[in-house]
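Note that the numbering runs from 1 along the sequence shown for the chain.
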Amino acid sequence: PDRIVLTPGVDPARDMAVAYRTDTAQAESQAQIAVSVDGPTLDEKAVPITGTSMPVDSSYGPALYHQVRFTGLTPDTVYAYRLKGAAGWSEWHQFRTAAAEAKPFRFLYLGDIQNGILTYASRVIRQAFHANGDIRLVVHAGDLVGQRDDLDHDDEWGEWNQAGGHHYAMVPQVPATGNHEYADHILPDGTESRRLGPYWPAQFALPANGVHPVKATTYFVDYQGVRFIVLDGTAAIDLGSMQQQTDWLDATLASSKANWNVVLFHQPVFTCARPNDTAEIKAAWMPVFDKRKVDLVLQGHDHCYSRLTSEAGREASAQTRADGSVQGPVYLVSVTGSKMYRLNDRAGNQPDKIAEATELYQIVDVEPRRLKFRTFTATGSLYDGFDLERTAAGNRLSEISEPAIAARTCKGEVGPDGGFCVATGK
């Protein structure tokens with residue numbers, strides 16, 4: 001078995017799921033799971049679990065993708081599992097279920113991986129895990145691969161799996177779709193449309209609690225006091241599901257009992273690279289974020305970095321903080337892979353912090369009344385950060401006091417590392 005990816009269940013305190021690939025000789029989806037122990041005796045009390053499989057053909061020939069769901073688990077408990085292939089069992093992989101109640105934890109947020117997946121993005125992902133212990137979730141803001149490029153899609157998904165390696169098998173992944181998770185599709189009348197690529201439903205065994213007609217790409221997860229809500233911006237804009245997603249978003253936020261609400265999707269409300277903001281999403285979803293007091297909005301797509309707390313600009317945002325007033329959602333855009341875009345004209349005065357031609361990862365430490373958000377570069381240097389404090393009136397944001405490196409932007413054709421600026425204009 002390879003390409004092993006762990007995902008959270010509807011209730012990750014009691015449910016987890018795993019997807020993986022084998023050759024066609026292993027027709028049955030078989031796993032074993034046990035409460036982990038400290039000696040080499042996991043197989044003695046391992047419980048067999050069967051799942052489902054689906055064929056996926058690539059340029060290398062046919063393969064089977066399997067999905068197995070682990071249910072009835074005990075909260076806040078370490079489990080070990082292994083998977084059956086025709087040539088034998090995989091190694092044992094460990095994971096910890098979520099606690100049943102709000103409890104501090106750490107998660108990793110990654111922007112577009114998409115390009116230079118194994119060449120460049122892998123070092124960023126591995127640096128994140130190397131430097132920051134006990135990451136409990138990884139959230140991806142779409143465009144995990146560049147599937148619509150002229151590359152073999154199986155190769156790209158193979159690189160994506162290799163970049164994360166065993167971490168993806170041990171830490172639950174919470175992915176959102178980007179436009180590159182979709183493939184071009186020509187309708188009978190000759191018009192161009194999109195359809196979800198074959199690797200998404202095969203590679204991720206996601207919770208089935210989203211909204212029709214995009215149940216494969218919308219869902220939510222409650223994890224230790226945080227409700228993560230995942231939307232599909234591509235389907236909303238291009239495939240006519242905007243109203244269904246908007247209604248579902250509003251209802252899912254209204255029913256949330258979590259301390260924190262985090263929304264994850266691809267196309268950003270406020271863009272740091274493109275000439276115009278994403279008008280359809282801004283009109284439909286931003287009023288819901290404001291009404292329901294969303295805490296973080298995590299996005300990708302722009303291949304630059306932006307932290308924005310006020311549409312009126314960074315001076316207005318700074319004045320709000322100086323006055324001690326509460327602030328609404330914090331909008332983040334980030335990028336992990338090697339494809340970079342130039343900053344737009346608004347980037348100089350609207351976001352609180354920006355970066356250009358820079359690979360990044362974000363570590364978020366969750367506490368019952370505080371979120372600690374830190375952005376790091378590929379080498380592990382602290383670049384940006386803030387704390388959100390929950391109060392009865394709303395969130396108060398404070399900038400970090402830790403020393404961070406200087407702003408990274410291109411100066412004409414010179415990049416922030418002194419070489420050529422690799423960012424291109426949109």
Let me confirm one number: the CG-OH distance from Asp277 to Tyr331, rounded to the nearest 0.5 Å. 10.5 Å
Using modelled atom types and a 3.5 Å cut-off, is there a donor and acceptor pairing between side-chain atoms of Thr97 and backbone atoms of Arg14? no
Between atom OG of Ser306 and atom CG of Asn344, what is the distance when rounded to the nearest 0.5 Å? 8.5 Å
Do the two ring centres, one from Tyr81 and one from Phe70, sit under 6.0 Å apart? yes
Looking at Leu332, Asp365, Val366, which hits side-chain contact (heavy atoms from CB on, under 4.5 Å) with Phe373? Leu332
Specify the closest pair of heavy atoms between Trp285 and Ala236, including all atoms of both residues, with the distance to one decimal. CZ2-CB, 3.8 Å
Assess the residue pair Thr377 and Glu359 against the criterion (side-chain hydrogen bond (donor to acceptor under 3.5 Å, both in side chains)); give the C-alpha distance rounded to whole Å, side-chain angles, the decisive distance to 0.1 Å, and a yes or no. CA-CA 6 Å; Thr377 65; Glu359 292 178 89; over 6 Å; no
Please walk me through it: do His66 and Thr52 pass side-chain hydrogen bond (donor to acceptor under 3.5 Å, both in side chains)? CA-CA 6 Å; His66 306 265; Thr52 59; over 6 Å; no
Side-chain donor-acceptor pair under 3.5 Å between His167 and Arg126, yes or no? no
Taking 4.0 angstrom as the limit, do Glu399 and Arg314 come out as a salt bridge? no
Value rounded to 0.5 Å, distance of CD1 in Ile49 from CD1 in Ile33: 6.5 Å
Between Asp232 and Thr177: side-chain donor-acceptor atoms closer than 3.5 Å: yes
Does the side chain of Thr7 pick up a donor-acceptor pair with the side chain of Gln173 at under 3.5 Å? no
Answer yes or no: is there an ion pair linking Arg69 with Asp15, defined by an N-O contact shorter than 4.0 Å? no
Would you say Lys353 has more than 12 foreign heavy atoms packed within less than 6.0 Å of its NZ? yes
More than 12 heavy atoms of other groups within 6.0 Å of Glu315 CD: no
Salt-bridged, Asp250 to Arg292, with N to O below 4.0 Å? yes
Aromatic Phe220 / basic Arg227 pairing, under 6.0 angstrom, 45° off normal: yes
Can you see whether Ser317 engages Arg321 through a side-chain donor-acceptor pair at a distance of less than 3.5 angstrom? yes
Asn115 and Tyr120: side chain donor to acceptor below 3.5 Å: no
Are side-chain N/O atoms of Thr309 and Asp352 paired as donor and acceptor at under 3.5 Å? yes
Start with the C-alpha distance between Arg194 and Asp238, add both sets of side-chain angles, then the distance that settles salt bridge (Lys or Arg N to Asp or Glu O under 4.0 Å), and finish with yes or no. CA-CA 8 Å; Arg194 301 177 190 265; Asp238 294 339; 2.7 Å; yes
Euclidean distance, Met286 CE relative to Glu311 CD, rounded to 0.5 Å: 5.0 Å
Between the CG atom in Leu73 and the OG1 atom in Thr71, the distance rounded to the nearest 0.5 Å is 7.0 Å
With ring-ring contact (aromatic ring centres under 6.0 Å, His included) as the criterion, how do Tyr223 and Phe228 come out once you've worked through the C-alpha distance, each side chain's angles and the decisive distance to 0.1 Å? CA-CA 8 Å; Tyr223 196 99; Phe228 294 92; 7.3 Å; no
For atom CG of Asp57, is the number of surrounding heavy atoms from other residues, nucleotides or ligands below 6.0 Å larger than 12? yes
Would a distance-only check, ignoring hydrogens and angles, find a side-chain to backbone donor-acceptor pair under 3.5 Å from Gln67 to Pro201? yes
Tell me whether Asp143 contacts the main-chain N or O of Val145 through its side chain, where contact means a donor paired with an acceptor under 3.5 Å. no
What about the rings of His153 and Trp160, do their centers lie closer together than 6.0 Å? no
Would you check if there is a donor-acceptor pair between the side chains of Arg82 and Ser90 at a distance under 3.5 Å? no
Between Phe107 and Trp260, does the ring centre distance come in under 6.0 Å? no
Quick one: do the Trp157 and Gln147 side chains pair a donor with an acceptor below 3.5 Å? yes
Classify the side-chain pair Thr191/Asp189 by whether it contains a donor and acceptor separated by less than 3.5 Å. yes
Arg374 and Tyr383: side chain donor to acceptor below 3.5 Å: no
Would you call Glu367 and Lys372 a salt bridge, taking side-chain N to carboxylate O under 4.0 Å as the test? yes
Can you find a side-chain donor-acceptor pair between Asp384 and Thr375 that sits under 3.5 Å? no
Polar contact flag, side-chain donor to acceptor under 3.5 angstrom, His266-Asn179: yes
Check whether the side chains of Asp302 and Thr271 place a donor and an acceptor atom closer than 3.5 Å, and report yes or no. yes
Ignoring hydrogens and geometry beyond distance, is a side-chain donor-acceptor pair present between Ser122 and Gln162 at under 3.5 Å? no
State whether a side-chain donor-acceptor pair under 3.5 Å links Gln114 with His303. yes
Gln245 side chain to Met242 main-chain N or O, any donor-acceptor pair under 3.5 Å? no
Tyr199 side chain to Asp154 side chain, donor-acceptor N/O pair below 3.5 angstrom: yes
Tyr361: which of Tyr109, Phe376, Phe129 passes ring-ring contact (aromatic ring centres under 6.0 Å, His included): Phe376
Lys282 atom NZ, neighbour heavy-atom count above 12 within 6.0 Å: yes
Using the side-chain hydrogen bond (donor to acceptor under 3.5 Å, both in side chains) rule, take Ser334 and Gln362 through it: C-alpha gap first, then chi angles, then the decisive distance, then the call. CA-CA 8 Å; Ser334 190; Gln362 289 71 216; 2.8 Å; yes
Residues Arg396 and Asp387 bridged, charged N to O under 4.0 Å: no
Pair Arg3-Tyr65, side-chain hydrogen bond (donor to acceptor under 3.5 Å, both in side chains): steps then yes or no: CA-CA 9 Å; Arg3 301 191 181 183; Tyr65 279 79; 3.0 Å; yes
Under a plain distance cut-off of 3.5 Å, with no hydrogens placed, do Ser398 and Glu389 share a side-chain donor-acceptor pair? no
Within the 3.5 Å criterion, strictly below it, is a donor on Asn395 or Asp295 matched to an acceptor on the partner's side chain? yes
From Leu296 CG over to Leu388 CG, what is the distance, rounded to the nearest 0.5 angstrom? 6.0 Å
